[in-house]
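Worksheet for the structure shown next.
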Amino acid sequence: MKKLVLSKLEENFVSYSKSFRKIADFIKHNQNIISFISINELAKETFTSPATVTRFSKSLGFKGYPDFQKVFQKDVEISSSQMKTFRDEIQAVEGENILSEIITTNIELLEELDTTFIEKQLEDAIKLIKQSRKLYILGARGSYGLAHYLYYMLKELKENVELMISGASDFTDKLLYSNKEDVLFTISFHPYTNFTCQVTEFFKEQGNKIITMTDKKDSVLGEMSDLIITTKNGGKAYTFVPGIIILNALLLKFAKQNSDESVKKLDRLKEITGKFNIYYKE
C-alpha cells in the first residue's frame with residue numbers, strides 16, 4: 001500500500017499546487033518519521049497548514065491525515081522486526097558470559113559460510129568494480145555501517161567512489177550525474193528500506209550493473225541484481241560480523257590484484273595525513 005501511495009505522489013506531482021508539492025517532497029524524503037509526527041508538526045515542517053495536509057490526504061483517497069498516516073505506521077511495524085530480533089536475543093541470553101557466547105555464535109555463523117562460492121562471487125564483484133567509471137555504495141539504517149565501512153576503505157584504493165545516504169538532500173544530485181558505465185553496490189538485509197529499493201530500482205532501470213550483499217537471493221533486491229553475495233545478519237544472533245568479514249576479504253582481494261599501486265596510494269595518503277597533522281601523536 002505504501003508503495004502505491006508513493007507512486008501516486010510521483011504521478012500527481014506535476015499537477016500539484018505549490019503547497020501540495022512541499023508536502024509530497026517532505027513525505028518522499030522523510031518516510032521514516034511520518035508515522036510519528038502529528039498533522040500540526042507536518043504542517044509546520046512543510047510551511048503549510050493542517051487544513052492543507054488534510055486536503056492533501058483526501059486527494060490520495062484517504063479520509064484524512066490519520067488514515068493516511070496508518071499506511072506508514074504499518075511499514076514501521078514491519079521494519080521494527082530487526083530490533084525485535086535484537087530484543088529477543090536480549091531475553092534469550094542467560095548468564096554472565098555474554099561475550100563468550102557471542103564469540104561462539106559468530107564463529108558458528110562464519111563456519112556455515114560457503115567460502116568457495118563466496119570467493120567466486122568476490123572475484124566477479126571485483127571485475128565489475130574495476131570496470132566501473134564510478135562505484136556507488138548504498139546502505140541504509142542497520143546496513144549503513146557496513147556501507148560506510150566499504151566506502152571509507154575502498155575510496156583509498158579507487159577513484160570515484162560515492163556513498164548514497166538516506167535523507168541527504170544531495171542524493172538526487174549524485175544520481176543526476178550517473179551513467180550506464182557506473183556500478184551500484186547495495187548492502188541491505190531484511191527488512192529492506194524503501195530508500196534502498198527505490199535507488200536500486202533507479203540504477204536497474206538505467207541499465208547499470210548491480211552488486212548486492214543481502215540475506216536472500218530471491219529478495220526484492222536480489223531480483224534486481226546482476227551479482228548477489230549472500231550472508232546472514234541474524235538467525236542464531238543479531239550480528240553483522242559475517243558481512244564485515246566478507247567486505248574485508250573483498251577489500252584485500254581488490255588491493256592485492258594491483259598491490260604496487262595500492263601500496264603507493266596508501267603511502268601517499270600517509271604523507272598527506274601527516275602533512276596536515278590529522279592524527280594525534282603521542
Side-chain angles (χ1 to χ4, degrees), residues 2-3 6 28-33 35 72 74-86 109 113-114 117-118 121-122 124-126 128-129 132 134-154 161-168 171-172 174-175 178 182-206 208-251:
K2 178 180 171 181
K3 192 171 182 179
L6 294 171
K28 285 191 295 181
H29 297 135
N30 298 276
Q31 297 171 32
N32 294 328
I33 67 171
S35 303
F72 291 83
K74 286 180 181 178
D75 189 70
V76 168
E77 288 173 9
I78 296 170
S79 67
S80 66
S81 63
Q82 192 174 56
M83 293 313 295
K84 181 179 182 298
T85 303
F86 187 51
L109 284 170
L113 294 177
D114 186 346
F117 179 73
I118 293 175
Q121 297 300 84
L122 293 180
D124 292 342
I126 288 169
L128 290 176
I129 292 170
S132 67
K134 180 181 285 189
L135 177 70
Y136 288 85
I137 298 175
L138 171 64
R141 293 181 71 81
S143 301
Y144 173 76
L146 289 175
H148 186 271
Y149 175 73
L150 178 60
Y151 162 75
Y152 177 79
M153 297 296 289
L154 196 56
V161 179
E162 290 270 15
L163 178 65
M164 304 297 294
I165 301 175
S166 173
F171 84 87
T172 51
K174 291 179 180 178
L175 294 179
S178 64
D182 300 333
V183 170
L184 174 69
F185 196 123
T186 297
I187 302 175
S188 185
F189 303 94
H190 186 269
Y192 317 107
T193 68
N194 283 301
F195 174 76
T196 301
C197 292
Q198 288 164 1
V199 173
T200 302
E201 188 174 12
F202 172 88
F203 278 94
K204 182 67 175 178
E205 292 174 349
Q206 190 170 257
N208 297 92
K209 293 292 183 181
I210 299 171
I211 305 165
T212 296
M213 175 185 280
T214 188
D215 46 1
K216 294 189 296 181
K217 287 184 178 180
D218 59 351
S219 67
V220 62
L221 292 169
E223 291 173 357
M224 289 190 279
S225 304
D226 299 283
L227 178 63
I228 308 166
I229 302 171
T230 53
T231 181
K232 295 180 180 179
N233 73 319
K236 294 182 179 179
Y238 180 77
T239 176
F240 285 104
V241 170
I244 205 72
I245 294 292
I246 291 171
L247 292 181
N248 276 335
L250 172 71
L251 290 162

| message | With rounding to the nearest 0.5 angstrom, report the CG to CG distance, Leu135 to Leu163. | response | 10.5 Å

| field | Shortest non-hydrogen contact from Leu109 toward Pro242 | value | CB-CG, 4.3 Å

| remark: So CD1 of Ile229 and CG of Leu250: to nearest 0.5 Å the spacing works out to 6.5 Å

| query | Hey, is OH on Tyr152 packed in by over 12 heavy atoms from elsewhere, all under 6.0 Å? | reply | no

| All ring-ring contact (aromatic ring centres under 6.0 Å, His included) counterparts of Tyr192, not counting sequence neighbours | His190

| Roughly how far, to the nearest 0.5 Å, is the CZ atom of Arg141 from the OG atom of Ser143? | 10.5 Å

| Strictly by modelled atom types, are Thr196 and Ser188 linked by a side-chain donor-acceptor pair under 3.5 Å? | no

| query | Distance from Phe185 atom CZ to Leu146 atom CG, nearest 0.5 Å? | reply | 9.5 Å

| field | Side-chain heavy-atom pair Leu128, Asp124 within 4.5 angstrom cut-off | value | no

| message | Once rounded to the nearest 0.5 Å, what's the spacing between atom CG of Asp114 and atom CD of Gln121? | response | 9.5 Å

| said: Just to verify, which of Val183, Leu138, Thr186, Leu175 counts as forming a side-chain contact (heavy atoms from CB on, under 4.5 Å) with Phe203? | reply: Leu175

| For Tyr144, what residues pass the ring-ring contact (aromatic ring centres under 6.0 Å, His included) criterion, not counting sequence neighbours? | His148

| task | Return the minimal non-hydrogen interatomic distance between Met224 and Lys204, and the atom names on each side. | result | O-CD, 3.2 Å

| request: For Tyr136 and Met164, work out which heavy atoms get closest and say how close. | output: CD2-SD, 3.6 Å

| task | For Asp215 and Phe189, indicate whether the former's side chain and the latter's backbone hold a donor-acceptor pair under 3.5 Å. | result | no

| message | Side chains of Leu150 and Leu247, heavy atoms from C-beta outward: is any pair under 4.5 Å? | response | yes

| Which heavy-atom pair separates Ile129 from Ser132 by the least distance, and what is that distance? | O-OG, 2.6 Å

| field | Sub-4.5 Å side-chain heavy-atom contact between Tyr149 and Asn248 | value | yes

| note | On a heavy-atom basis, the closest approach of Ala140 and Thr193 is CB-OG1, 3.7 Å

| query | Would you say the side-chain atoms of Ser225 pair up with the backbone N or O of Leu221, donor to acceptor, closer than 3.5 Å? | reply | yes

| note | Note: Met213 and Gly243 closest approach over all heavy atoms is CE-O, 3.9 Å

| query | From Ile246 CD1 over to Thr231 OG1, what is the distance, rounded to the nearest 0.5 angstrom? | reply | 4.0 Å

| Is a donor on one side and an acceptor on the other found under 3.5 Å between the side chain of Thr200 and the backbone of Cys197? | no

